[in-house]
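Report on the structure given below.
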Amino acid sequence: MSEEMSEKKVKRKTAMSSADLRACVFELQSLIDSRVEKVYHHIPDEVRFKLRGKEGRKDLVIEAGRRMHITRFPREAPRFPSSFAMLMRKHLENARIESIEQHDFDRVAVITFRVRKGEEEKVYRIVAELFSKGNVILCEEDFRIIMPLKAGIFKAGEIYEFPETRITPFDLSEERLLEIFRSEREREREVVRTLAMNGLGGLYAEEVCLRAGVNKKKKSGELDEDEIRKVARAIEEVFGDISSGNFKPHVVLQDGVMVDVLPVELRYYDGFERKYYNTFNEALDEYYTRLIAEESEKEERNPEVEKLKARLEKQLEKLEEFEREAERLRRTGDYIYENWSKIETIHSAFLKARENKSWKEIEKAVKGSKLSKVVKEIHPEKNSVVVVLDGLEIELCLDKALPQIADIYYERAKKIKQKMEGLKKAIEKTKEDMKRAEELEAMRVAKSMRVVRKREWYEQFRWFVTSDGFLVIGGRNAKMNEEIVSKYMESKDLFFHTQTPGAPAVVMKRGQEAPETSIEEAAQFAAAYSALWKEGKHSGEVYYVLPEQVKRTAKHGEFLAKGSFYIEGKRNYLTVELNCAVGVELSKLRLFGGPVRAVKKYCDYYVEVEIGELSQSEVAVMVAKKLIEMSGNDHVVRSIATPDEVAKFLPPGTSRIKD
């Protein structure tokens, strides 16, 4: 970003503009003829339509007053549907989308559904208001309201009234602009304000002034005809691209933070970082899902986590206080022995004085002597004096000998150390409780958003893709082992297995064409997910053979357990080191696990694991947490890297994260 742009602070967009909705609706025409499978209401303002169409299943989300787009990150379905969701399902389940339109150029969309009810066909409409606080309203064909998401303004049985028609950018011809700029109401206003208030809005008004080369602060009435012509051309250029679908969907970032999402490039953001997407709906989805995730984190912080954090902070402060006090008491005891002569002189002087003087007389005598610099306090009731020597306060009891006084300090230090041990245990418990609470919170957040994507056929098995691009699959159990060999192994593949029993049947597709690097990685994969890892062995022997050498039926007089095979002919052996990593492949919105070299190639973030002492579930939580931290708490990574999903890629037995 240029220095000039870094100084331009942009207010973050929080809701779609009319131009955004126009571009979104243009793309949503692909949903025409899709059928409604289910409708969900995420309280308070979000409605989600689960659709089935020619492009497969899609989720269309509408949030009143904010956004409308297809999402790949639908929130977890509520356990109990609201009355609004129930009514929507009653009317719209299995309904076909007939049209999706924007009303005029307003922030209002209308979706028309057609559904057969017995012999009768019914037409329903959803009106989605994205302005102000917004609403989502279920209507009859004639816009008679059945039920609004938000009651108050609208009542069932009334006819929905659209907002008052306003001027749009498509109305702003050269002649109309001339009329507006010369009008008494607008002539004294700055050009940018006049454009903003006449259909363009603030951002696009700024953009049009930039493209037209017009001083935005110039009074509207002072524009000449040539300047007005340039303004009209700039409006046609910007909004023509939006209407015709000539999009360059992207998100604008400032200092790494998403601040805007747009269907077309604007000069206003020249110098800013841009992240591009294939469709505007994808850009909207990424932008608003991230925005909402950030808002949710701030609003829905787990009070239990906050309470535990406060408790831990107090405990650590107390521990520090105990450590300081114990050290002071120990040093005081040591000081008495190290400076015996000096302290004994002071102690003896007070003992002698007490033989024939009262405490008042002693106090008076001290004030007028050199001792006043040493004596801090006198406690007649305790028969003691407090002296300060080399910065240490020492209470000298006159009825105790110096060794006894030193022992008092050592004993007090010992008691504080005992308290410290108890406090340390309490701190460990608080940390464990906090870790548990954070894990539960992380799982709650992860579950609140899911990634919707088409899973590949091989993802039911253990799998990875070698660094040379060859697919490798392995069984998770005996049934899968048998299925892989009988159904998925073909003549050009290679079969891998460890020399020791207790390993998955591993097949590399087109393995006979693969280079040595892929053969080595497939062998590492077979070893890592075998009993070798569980037994704590850091290397092991793996063999590979051709498909025709793998026999599924036992020799005469022998028995083969389900999922077992025997090999005929020569075996090719490799000794490999066991290694494994789990990462996030953002381009395919999935986790990826297997040999480190392959994971490094395909993953944006990855964590290496090694044989260790932690259970699979513990490591899964740690890996998920680390991946999320590495991504900067990215909401997409959070929704992909859940502990449950991570666990599917971890080797059997105990592990730990590699340093």
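For reference, positions follow the sequence shown, starting with 1.
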Show every donor-acceptor pair shorter than 3.5 Å between a side-chain atom in residues 410-421 and any protein atom, with sequence neighbours excluded, or say none if there are none.
residue : atom : partner : partner atom : Å
Y410    : OH   : G333    : O            : 3.4
Y410    : OH   : D334    : N            : 3.1
Y410    : OH   : D334    : OD1          : 2.5

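Atoms CZ and CZ, from R638 and R290 in turn, are 10.0 Å apart once rounded to the nearest 0.5 Å. Taken from CD1 in I100 to OG in S34, the straight-line distance is 7.5 Å, to the nearest 0.5 Å. Between atom NE2 of residue H42 and atom CD1 of residue I292 there is a gap of 11.0 Å, rounded to the nearest 0.5 Å. Atom NE2 of residue H538 and atom CD1 of residue I611 lie 4.5 Å apart, to the nearest 0.5 angstrom. For the atom pair NZ (K90) and OG (S83), the distance works out to 12.5 Å, reported to the nearest 0.5 Å. The distance from the SG atom of C603 to the CZ atom of R590 is 9.0 Å, given to the nearest 0.5 Å.
Annotation: E313, atom CD; neighbour count of heavy atoms from other residues, nucleotides and ligands within 6.0 Å does not exceed 12. Atom CD of E577 sits in a sparse spot, with 12 or fewer heavy atoms from other residues, nucleotides or ligands closer than 6.0 Å. The neighbour count for L316 CG, taken as heavy atoms of other residues, nucleotides or ligands under 6.0 Å away, is above 12.
The pair R597-E520 meets the salt-bridge criterion, since a charged nitrogen lies less than 4.0 angstrom from a carboxylate oxygen. Between E482 and K479, no side-chain nitrogen of the basic residue sits less than 4.0 Å from a carboxylate oxygen of the acidic one, so the salt-bridge criterion is not met. Contact check on R328 versus E325 returns a salt bridge, with a Lys/Arg side-chain nitrogen under 4.0 Å from an Asp/Glu carboxylate oxygen.
Side-chain contact check for F84 versus M147: some heavy-atom pair is nearer than 4.5 Å. Looking only at side-chain heavy atoms (C-beta outward), V623 and F649 stay at 4.5 Å or farther from each other. K648 is not listed as a side-chain neighbour of R462, based on a closest heavy-atom distance of 4.5 Å or more. Side-chain contact between L138 and M88 is present, with heavy atoms from C-beta onward closer than 4.5 Å. Contact check for E273 versus V251: no side-chain heavy atoms found under the 4.5 Å cut-off. The shortest side-chain heavy-atom distance between S30 and E55 falls under the 4.5 Å cut-off. At least one side-chain heavy atom of I111 sits less than 4.5 Å from a side-chain heavy atom of I62. Inter-residue side-chain proximity for L31 and I70 is flagged as met; some heavy-atom pair is nearer than 4.5 Å.
Checked by atom type, the side-chain pair T430/Q315 shows a donor-acceptor distance below 3.5 Å. In summary, the side chains of D20 and S17 do present a donor paired with an acceptor at a separation below 3.5 Å, with no hydrogens or angles considered. At a cut-off of 3.5 Å, with distance as the only test, no side-chain donor of T654 or W533 sits close to an acceptor on the other residue.
Here the shortest heavy-atom pairing between D285 and R72 reads OD2-N, 2.7 Å. Counting all heavy atoms, side chain and backbone alike, Y288 lies closest to M16 at OH-N, 3.1 Å. M630 approaches V607 most closely through the heavy-atom pair SD-CG2, 4.0 Å. Of all non-hydrogen atoms in V472 and A522, the two that sit nearest each other are CG2-CB, 4.2 Å. Smallest separation of non-hydrogen atoms from V584 and A641: CG2-CB, 4.2 Å. Shown here for L21 and L130, the closest heavy-atom pair between the two residues is CD1-CD1, 3.9 Å.
Tested against H250, the residues Y269, F280, Y276 include a single ring-ring contact (aromatic ring centres under 6.0 Å, His included) partner, Y276. Each of H41, R66, R67 was compared with E46 under the side chain to side chain donor-acceptor pair (under 3.5 Å) criterion, and only R67 meets it. The side-chain contact (heavy atoms from CB on, under 4.5 Å) with F272 is formed by just one residue from the set L253, V10, D255; it is V10.
Formation of a donor-acceptor pair under 3.5 Å by the E459 side chain with backbone atoms of E456 is found in this model. Between the side chain of D260 and the backbone N or O of K13, no donor-acceptor pair lies under 3.5 Å. At distances below 3.5 Å, at least one donor-acceptor pair connects side-chain atoms of R35 with backbone N or O atoms of N94. Side chain of N135 to main chain of K150: a donor-acceptor pair is present (N/O by atom type, distance under 3.5 Å, no hydrogens or angles). For the pair N579 (side chain) and V596 (backbone), a donor-acceptor distance under 3.5 Å is present. D45 places no side-chain N or O within 3.5 Å of a backbone atom of E63 that could act as its donor or acceptor partner. Of the possible donor and acceptor atoms, none in the side chain of K50 sits under 3.5 Å from a partner among the backbone N and O of D59. Side-chain atoms of E27 do not come within 3.5 Å of backbone N or O of C24 as any donor-acceptor pair. Listed for the R311 side chain is no donor-acceptor partner under 3.5 Å among the backbone atoms of E306. In this structure, E521 contributes its side chain and S467 its backbone to a donor-acceptor pair below 3.5 Å.
For F525 and F496, the gap between ring centers reaches or exceeds 6.0 Å.
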With side chain to side chain contact (heavy atoms under 4.5 Å, CB included) as the criterion, how do D659 and E610 come out once you've worked through the C-alpha distance, each side chain's angles and the decisive distance to 0.1 Å?
CA-CA 9 Å; D659 293 333; E610 62 185 6; 5.7 Å; no
Evaluate the side chain to side chain contact (heavy atoms under 4.5 Å, CB included) criterion for residues L423 and F322: first the C-alpha distance (whole Å), next the side-chain angles of each, then the deciding distance (0.1 Å), finally the verdict.
CA-CA 10 Å; L423 183 56; F322 278 165; 3.8 Å; yes
Going through the checks in order, is the side chain to side chain contact (heavy atoms under 4.5 Å, CB included) test met by E608 and I657?
CA-CA 6 Å; E608 291 184 49; I657 291 178; over 6 Å; no
Report the C-alpha distance between M508 and T466 in whole Å, list the side-chain angles of each, state the deciding distance to 0.1 Å, and finish with yes or no for side chain to side chain contact (heavy atoms under 4.5 Å, CB included).
CA-CA 9 Å; M508 177 157 61; T466 72; 4.0 Å; yes
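Under the rule for a side-chain hydrogen bond (donor to acceptor under 3.5 Å, both in side chains), the partners of R324 that lie at least two apart in sequence or sit in another chain are E320.
Cation-pi contact between R89 and Y40: present, with separation from the ring centre below 6.0 Å and deviation from the ring axis of at most 45°.
Note: W457 and Y488 have parallel aromatic rings, judged against thresholds of 30 and 60 degrees for the angle between ring planes.
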